[in-house]
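I have placed the structure first, in the form of structure tokens, so that the comments after it can refer back to it.
What you see is a predicted model; the values in this text were computed from it and never measured.
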Amino acid sequence: MKKVLMPFMLIVACSWFISCEVDDDSPNFYFTALTTVEAEVPESFEFGKTYDIEVTYLRPNGCTFFEGFDVSQTAETGRDVVVVGSVLTDEDRACTEAVEEVVATLKFNVIYTKDYTFRFYAGDDEEGNAKFLEYTVPIAEEGEPTN
């Protein structure tokens, strides 16, 4: 009896896995670049320190969520910064259409002794070219206060 029951149980178990349908295996979100409104950078940096840079960006609707920052090194001390969001695409999800300004903190380590130039993505112009908010932060001399 035990030998007959085992193959039967195996067939039943396999049929559960085969008969299970997944409605849709495509992703229910995508990543997007969010528009930076402003960034609060310090007046100067001190070599070897870490700073919090407050970045204000636009959240275009209730289905878009902050995921982080994409920071690209464009030169030794040049950085392009894009706020990255994820947008939910579930068809049965209702999203608010209200645009809101949100603040996120970018932690930045100063590893060079030259002035830093930051370019924060600020959307596209009429021709589809990227626009940037640009900030230059000098390195403080020894004994000079940093903010």
Is any side-chain heavy atom of D70 closer than 4.5 Å to a side-chain heavy atom of Y121?
no
With side chains defined as the heavy atoms from C-beta onward, is the minimum distance between L106 and V81 less than 4.5 Å?
yes
Find out whether E100 and L58 are in side-chain contact, i.e. whether some heavy atom of one side chain is under 4.5 Å from a heavy atom of the other.
no
Specify whether F29 and F31 have parallel, tilted or perpendicular ring planes, treating 30° as the upper limit for parallel and 60° as the lower limit for perpendicular.
perpendicular
For the pair D80 and R119, evaluate salt bridge (charged side-chain N to carboxylate O under 4.0 Å, His left out) and give the outcome as yes or no after the intermediate values.
CA-CA 5 Å; D80 280 357; R119 295 182 344 139; 2.8 Å; yes
Nearest heavy-atom approach of T117 to E134 is CG2-OE2, 3.7 Å
Can you confirm if the aromatic rings of Y57 and F66 lie within a centre distance of less than 6.0 Å?
yes
ILVMFWY cluster, V103 and L133 together (side-chain gap under 4.5 Å)
no
If you group Ile, Leu, Val, Met, Phe, Trp and Tyr by side-chain heavy-atom gaps below 4.5 Å, do V41 and V82 land in one group?
no
Exercise: identify the closest heavy-atom pair between P138 and E43:
CD-O, 3.2 Å
To the nearest 0.5 Å, tell me how far D115 CG sits from S44 OG.
10.0 Å
Would you say the side chains of E54 and T105 form a donor-acceptor pair under 3.5 Å?
yes
Determine whether I53 and Y112 fall in the same hydrophobic cluster, where Ile, Leu, Val, Met, Phe, Trp and Tyr are linked whenever their side-chain heavy atoms lie under 4.5 Å apart.
yes
Treating Ile, Leu, Val, Met, Phe, Trp and Tyr as nodes and any side-chain heavy-atom pair under 4.5 angstrom as an edge, say whether F118 and I139 lie in one connected cluster.
yes
Would a 4.5 Å heavy-atom cut-off, applied to side chains only, mark Q73 and R79 as touching?
yes
E46 versus Y51: any side-chain heavy-atom pair under 4.5 Å?
yes
Determine whether the aromatic ring centres of Y135 and Y116 lie less than 6.0 Å apart.
no
List the steps, then state whether side-chain contact (heavy atoms from CB on, under 4.5 Å) holds for T56 with T36.
CA-CA 6 Å; T56 303; T36 300; over 6 Å; no
Residue pair K107 / D52, side-chain heavy-atom distance below 4.5 Å
yes
Would F69 and V83 satisfy side-chain contact (heavy atoms from CB on, under 4.5 Å), going step by step from the backbone distance to the final call?
CA-CA 5 Å; F69 295 98; V83 179; 3.8 Å; yes
Quick one: pull up CZ in F47 and OG1 in T113 and give me the separation to the nearest 0.5 Å.
6.5 Å
Joint cluster assignment, V102 & V99, ILVMFWY side-chain distance < 4.5 Å:
no
Ring centroid separation F108 to F45 under 6.0 Å
yes
Side chain proximity check, F65 to L88, heavy atoms < 4.5 angstrom
yes
Any heavy-atom pair between the side chains of L34 and T64 that's under 4.5 Å?
yes
